[in-house]
Amino acid sequence: SMSRFRTATIRQVFLVALLCLALQEPQLGNLLVSGQSTPNTEPTLRLGLAPKSIDNIFFDVSRDGCYAQAAQINKQLQGTEQPDWIVSQVECVYVGTTSSNQDGLEQAAILDAELDKYERGDSDALQAMSISIRNADAMRPVLQRAATLGMPITTFDSDMPPDDAALRRTYIGTDNVFFGRQLATVLHQILPMGGTYVMLTDDTPNLREREAGCRAVLSTETDGVWTEIKPALSVQANSTRAIELMYQAIRETPDLTAI
């Protein structure tokens, strides 16, 4: 099924990200390869996966893939081909806030608290994190602190702005501008005569990029003119709200061409 395919894909992505972190970060590289321990690490390598919200089912597949790949790595670690490894197991830790916190401040606060543990050298501290960014402004000082402390950070699903790209090691996810451009291209293929439209979206970095890509194409179409009749409507990561906003848009503009 598509769900199993996506889970398997995330499993492989998690493994690649782990290896990248191990190769790029001397602390983790030594821990994994040479068997050297450090004051800030334990035999269990704890890697944090931080979605925008832990109760959004969109992220369940990444959570499940992360857990599954950690289990596969642990099975390999229990073998005899690498008897000198210090790490006894890898743990994927799903960490974050709920979708009721829309401004991203709580996500930043939770991850900043994880950095407190890392700085103290707590036994339950995370050694690296992969984050889906909800609020880039709120997350910026957290990532700056992580860089100062030496904790490896990757982003997934939703990245930091290009000017802040140096604050994370890599981004794993969709080219969101291209995604938006493709949405617009398909829409124009279906309705080449143009029309009116409204966007249902959310105030997060990846969705703003998709909006920009979509508008860039629709605003330059010459065969049919497209008009965005109102600013984008925020669904606030809530499917029920999204459906209500769709009906509202249709009631307010009966001749609306596309949503």
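In this text, all values refer to a predicted model and were calculated from it rather than measured experimentally.
Hydrophobic clustering (side-chain heavy atoms under 4.5 Å, transitive across Ile, Leu, Val, Met, Phe, Trp, Tyr) groups Met193 together with Val186. At a threshold of 4.5 Å between side-chain heavy atoms, the hydrophobic network of Ile, Leu, Val, Met, Phe, Trp and Tyr places Ile54 and Leu105 in two separate groups. Hydrophobic clustering of Ile, Leu, Val, Met, Phe, Trp and Tyr side chains at less than 4.5 Å, counting indirect connections, unites Leu143 with Leu149. Side-chain heavy atoms closer than 4.5 Å link hydrophobic residues (I, L, V, M, F, W, Y) into clusters, and following such links, even through other members, never connects Met199 to Phe178. No path of Ile, Leu, Val, Met, Phe, Trp and Tyr side chains, each step under 4.5 Å between heavy atoms, connects Ile153 with Tyr171, placing them in separate hydrophobic clusters.
At a cut-off of 3.5 Å, with distance as the only test, no side-chain donor of Thr44 or Glu91 sits close to an acceptor on the other residue. Side-chain contact, Gln248 with Glu244: no donor N or O sits under 3.5 Å from an acceptor N or O. One side chain, Asp202 or Ser234, offers a donor N or O that lies under 3.5 Å from an acceptor on the other.
Salt bridge present: Arg140 and Asp164 bring a charged side-chain N and a carboxylate O closer than 4.0 Å.
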- Chi angles and distances behind the side chain to side chain contact (heavy atoms under 4.5 Å, CB included) call for Arg208, Asp203: CA-CA 7 Å; Arg208 284 196 295 270; Asp203 189 24; 2.5 Å; yes
- Query: Lys230 and Glu252: side chain to side chain contact (heavy atoms under 4.5 Å, CB included), yes or no, with the steps?
  - Reply: CA-CA 11 Å; Lys230 62 173 61 181; Glu252 293 177 351; 2.5 Å; yes
- For the pair Leu115 and Glu119, evaluate side chain to side chain contact (heavy atoms under 4.5 Å, CB included) and give the outcome as yes or no after the intermediate values. CA-CA 6 Å; Leu115 291 179; Glu119 186 171 21; over 6 Å; no
- Message: Under the criterion side chain to side chain contact (heavy atoms under 4.5 Å, CB included), I'd like the reasoning laid out for Gln144 against Thr148: C-alpha separation, chi angles, the key distance, then a yes or no.
- Response: CA-CA 6 Å; Gln144 289 170 339; Thr148 299; 5.6 Å; no
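Annotation: side chain of Tyr118 is not in contact with side chain of Met129 (no heavy-atom distance under 4.5 Å). A 4.5 Å side-chain heavy-atom check between Met160 and Ile131 finds every atom pair outside the cut-off. Proximity of Asp116 to Arg145: side-chain heavy atoms (C-beta onward) are separated by under 4.5 Å at one or more points.
Between the Thr97 side chain and the Ser53 main chain, no donor and acceptor come within less than 3.5 Å of each other. For the pair Asn56 (side chain) and Phe59 (backbone), a donor-acceptor distance under 3.5 Å is absent. Side chain of Arg63 to backbone of Tyr94: no donor-acceptor contact under 3.5 angstrom is found. With Thr253 contributing its side chain and Ile250 its backbone, the two residues share no donor-acceptor pair below 3.5 Å. Panel note: side chain Gln107, backbone Ser132; a donor-acceptor pair is recorded below 3.5 Å. Put simply, the side chain of Asn74 gets close to the backbone of Val90: a donor and an acceptor are under 3.5 Å apart. The backbone N or O of Thr257 lies less than 3.5 Å from a partner atom in the side chain of Thr196, making a donor-acceptor pair. Distance alone, capped at 3.5 Å, is enough to place a donor-acceptor pair between the Asn135 side chain and the Ala138 backbone. Glu209 places no side-chain N or O within 3.5 Å of a backbone atom of Val177 that could act as its donor or acceptor partner. Within the 3.5 Å criterion, the main-chain N or O of Ile133 finds a donor-acceptor partner in the side chain of Ser158.
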